[in-house]
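To start, the structure itself, in structure tokens.
None of the values given here were measured: they were computed from a predicted structure.
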Amino acid sequence: LANFTKLEDNKKAKGSLGRRLTKEGSALGAPCECPFKLVSCRLFSLHCLVPLTCFIWTTIYVCGLRVGYMYADTLGHDARHGLQIALFGLSMFAMAAGMELLTRWIQKSAGYFGYNHQMFIAFVIIYGMVSDVQVRLGIVKMTGLTRQVCSSILPLYWWVLRFLMSRQWKRSATSRDAADKDILPDNQEPRLVITCMGLIISQNASAVIVP
């Protein structure tokens with residue numbers, strides 16, 4: 001927004017951005033260079049591979065679980081329960097692994113393709129909701145003791161994850177107040193808070209979609 005002028009100063013110019021760059025070029029004594037000249041097709045492709053991988057991961061995760069649970073419905077009682085438990089364990093592992101990959105990607109994003117906190121919480125909510133709903137849809141297909149145990153494991157997993165993040169954040173805050181030194185990088189404390197809040201929102205929303 002700093003490159004745009006007021007409307008009354010832009011009557012004779014084709015665009016406020018061009019007018020502003022012209023003024024800056026005159027002040028500097030040389031034309032202003034394009035701020036995106038370092039962005040190449042290779043750099044763009046490398047950064048696009050990460051969200052594309054996340055999309056493919058989620059698609060395989062969702063479709064694979066659906067096919068697995070549909071196949072389990074065609075089996076006998078014991079075989080069906082055994083496959084459902086295996087799929088539940090696989091879905092929990094895939095959900096945790098996907099969240100770890102997403103977190104690492106956000107941590108490493110910087111420069112032109114860096115993501116701010118608003119985008120990070122959107123990623124956490126979307127991925128958390130999609131993955132949590134898939135696990136819940138599998139639990140709905142279960143019966144008896146298997147359903148009771150698995151339905152208790154899922155919220156326990158989210159609680160443990162948030163507890164570990166909150167404890168890490170408290171340790172960092174206590175260390176900073178006591179020794180005036182951070183034990184975490186500058187961008188890690190906001191990440192922990194955003195992840196905890198995003199997971200609370202996604203868990204509550206998915207609980208409404210699939211009780």
Spell out, yes or no, whether [X] and [Y] are grouped together once hydrophobic residues are joined by side-chain heavy atoms under 4.5 Å, including indirect joins.
X	Y	value
Phe163	Met99	no
Ile153	Val133	yes
Tyr71	Val62	yes
Leu164	Leu101	no
Leu75	Ile85	no

To the nearest 0.5 angstrom, please state how far the [atom1] atom of [X] sits from the [atom2] atom of [Y].
X	Y	atom1	atom2	result
Leu154	Arg136	CG	CZ	5.5 Å
Cys196	Leu161	SG	CG	7.0 Å
Ile126	Ser131	CD1	OG	11.5 Å
Ser202	Met197	OG	CE	11.0 Å
Gln134	Phe88	CD	CZ	13.5 Å

Which atom names give the shortest non-hydrogen contact between [X] and [Y], and what distance separates them?
X	Y	value
Lys141	Tyr69	CD-CB, 3.7 Å
Tyr127	Met95	OH-O, 3.2 Å
Arg80	Ala72	CG-O, 3.1 Å
Thr195	Val124	O-CG1, 4.0 Å
Trp158	Asp132	NE1-OD1, 2.8 Å
Arg66	Leu137	NH2-CB, 3.4 Å

Can you check side chain to side chain contact (heavy atoms under 4.5 Å, CB included) on Ile201 and Met129, steps first, answer last?
-> CA-CA 8 Å; Ile201 296 173; Met129 187 182 304; 5.8 Å; no
From the options Ile121, Ile125, Leu199, select the one residue that forms a side-chain contact (heavy atoms from CB on, under 4.5 Å) with Ile194.
->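 When Ile121, Ile125, Leu199 are each tested with Ile194, the side-chain contact (heavy atoms from CB on, under 4.5 Å) holds only for Ile121.
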Scan Ile139, Leu156, Val135 and name whichever one has a side-chain contact (heavy atoms from CB on, under 4.5 Å) with Ser151.
->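 Checked Ile139, Leu156, Val135 against Ser151; only one passes side-chain contact (heavy atoms from CB on, under 4.5 Å): Ile139.
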Working for side chain to side chain contact (heavy atoms under 4.5 Å, CB included), residues His81 and Thr143 | CA-CA 8 Å; His81 280 274; Thr143 57; 3.3 Å; yes
